[in-house]
Amino acid sequence: MPCPVAEVVVEPAVTGAGGYPSDLTDEQWALVEPLFPPPRTGPKGGRREKHPRRRIVDAIFYVVRTGCAWRQLPRDFPPWQTVYWYFVRWHDEGTVIRVHDALRDQVRRAAGRCEEPSAGLIDSQSVRTADTVSAATRGFDAGKKVKGRKRFLVTDTLGLLLAVHVMAASVQDRDGAKRPLLWARLDHPSVRKVWADQGFAGRLVDWMAQILGRELEIVRKDLGQRGFQVQPKRWAIERTFSWLTAHRRLARDYEHHPAHAETMIGVMVRRLARGRPATRPGPRPVHRTTGA
């Protein structure tokens, strides 16, 4: 008798009002909508908004997920000039940061954690840049052989963002880490300890202790390690980087201004809007079938 074949059931993608997989669902929009500033409605409060706020947000998510240019937005979205105007406005007003922080707090509560973390992680990621990026804001990472920009992320132990800073890839880790660590210290004073890899070892450890009054612990590889191996504590921020590169707009840096690149990373609020805490995946189950 032939061996039995397991049936694979593929569930349809959950889509929102526009029908794109990147759209927010009704439940997600109900969670996110109150966090945005109120729309302008009166004649003295500015021009009345012509396009639904939800379609503006969905259009921004579409750009981040698919990696298309602003001018290449599908026609069923509002005009790209309108979408980009809102993106810049919400960046300048700090709306993206407020929405992200509010959702991060909800995810931490759902995971049984306090809203404010007590420990964090820091790491960097070098990515190539497009021709639209100014030469003054990019450089060459000699270690990873990448010409572009470097992202410095500080996360909690669940891998949720606490601070983001984007700069030229030529900046060394121990130098570029100071600003995001300072921001994390000011915005989240409850963080007492941060884990990092060997690239942050050296004088940054002393600077962290003397200037910020916090501990920076270096997670080192095991002696004789060959190939890839999951590092204690640091696996969460490595997963965060994989979340970033799963979005085509973030797999390469297209933003003219580094601050807009930081906002693009913050736009990943859709992952937080799922309402489920981030958890470390367990070992894959091994399925065995037997046949005569």
Regarding Lys147 and Asp141, does a basic nitrogen lie under 4.0 Å from an acidic carboxylate oxygen?
no
Hey, does the side chain of Thr240 reach the backbone of Ala236 with a donor-acceptor pair shorter than 3.5 angstrom?
yes
Among Trp80, Phe87, Tyr254, find the one that has a ring-ring contact (aromatic ring centres under 6.0 Å, His included) with Trp70.
Phe87
Between Glu33 and Arg54, does at least one N-O distance fall below 4.0 Å, as a salt bridge requires?
no
Check the angle between the aromatic planes of Tyr20 and Phe77 and answer parallel, tilted or perpendicular using the 30° and 60° thresholds.
parallel
Within this structure, what is the NE2-CG distance for the pair His100 and Leu35, rounded to the nearest 0.5 Å?
12.0 Å
Result block: side-chain N/O donor-acceptor pairs under 3.5 angstrom for residues 201-213, not counting sequence neighbours:
unit_1	atom_1	unit_2	atom_2	d
Arg203	NH2	Asp175	OD1	3.2

Quick one: does Glu215's side chain have a donor or acceptor within less than 3.5 Å of a partner on Lys193's backbone?
no
How about CG on Leu182, more than 12 heavy atoms from neighbouring residues, nucleotides or ligands closer than 6.0 Å, or not?
yes
If you draw a 6.0 Å radius around CZ in Arg234, do more than 12 non-hydrogen atoms from other residues or ligands fall strictly inside?
yes
Taken to the nearest 0.5 Å, the spacing of His91 NE2 from Tyr84 OH works out to 9.0 Å
Between Val133 and Arg149, is the side-chain contact (heavy atoms from CB on, under 4.5 Å) condition met? List the steps.
CA-CA 9 Å; Val133 174; Arg149 284 176 176 165; 3.3 Å; yes
Treating Thr66 as the side-chain partner and Tyr62 as the backbone partner, does any N or O pair qualify as donor plus acceptor under 3.5 Å?
yes
Here's a test for you: under side chain to side chain contact (heavy atoms under 4.5 Å, CB included), which of Thr263, Leu153, Thr155, Val154 qualifies with Val164?
Leu153
Step by step, would you call Phe152 with Lys150 a side-chain contact (heavy atoms from CB on, under 4.5 Å)?
CA-CA 7 Å; Phe152 289 89; Lys150 183 177 289 188; 3.4 Å; yes
Taking Arg108 for its side chain and Cys114 for its backbone only, find out whether a donor-acceptor pair lies under 3.5 Å.
yes
Just by distance, do the side chain of Arg138 and the backbone of Arg128 share a donor-acceptor pair under 3.5 Å?
no
Does the side chain of Thr129 come under 3.5 Å of the side chain of Asp253 through a donor N or O and an acceptor N or O?
no
Backbone of His256 reached by a side-chain donor or acceptor of His260 within 3.5 Å
no
Show your working on side-chain contact (heavy atoms from CB on, under 4.5 Å) between Arg214 and Leu181 and close with a plain yes or no.
CA-CA 10 Å; Arg214 297 294 184 265; Leu181 285 173; over 6 Å; no
Any donor and acceptor pair, going by atom type alone, linking the side chain of Ser190 with main-chain N or O of Pro117 inside 3.5 Å?
yes
Distance-only, no hydrogens or angles: does the Arg98 side chain make a donor-acceptor pair with backbone N or O of Pro37 under 3.5 Å?
no
Measure the shortest side-chain to side-chain distance between Arg113 and Thr157 over non-hydrogen atoms and say whether it is less than 4.5 angstrom.
yes
Tell me, with the steps shown, if Glu217 and Phe200 meet side-chain contact (heavy atoms from CB on, under 4.5 Å).
CA-CA 9 Å; Glu217 180 177 330; Phe200 296 87; over 6 Å; no
Salt bridge check, Arg249 against Glu255: does any charged N sit closer than 4.0 Å to a carboxylate O?
yes
Counting only heavy atoms not in Arg248 (residues, nucleotides, ligands), do more than 12 fall under 6.0 Å from its CZ?
no
Consider side chain to side chain contact (heavy atoms under 4.5 Å, CB included). Of Asp123, Leu121, Val219, which one does Asp197 pass it with?
Asp123
Report the distance from atom CD1 of Ile265 to atom NE2 of His165, rounding to the nearest 0.5 Å.
11.0 Å
Residues Ser124 and Arg151: side-chain donor-acceptor under 3.5 angstrom:
no
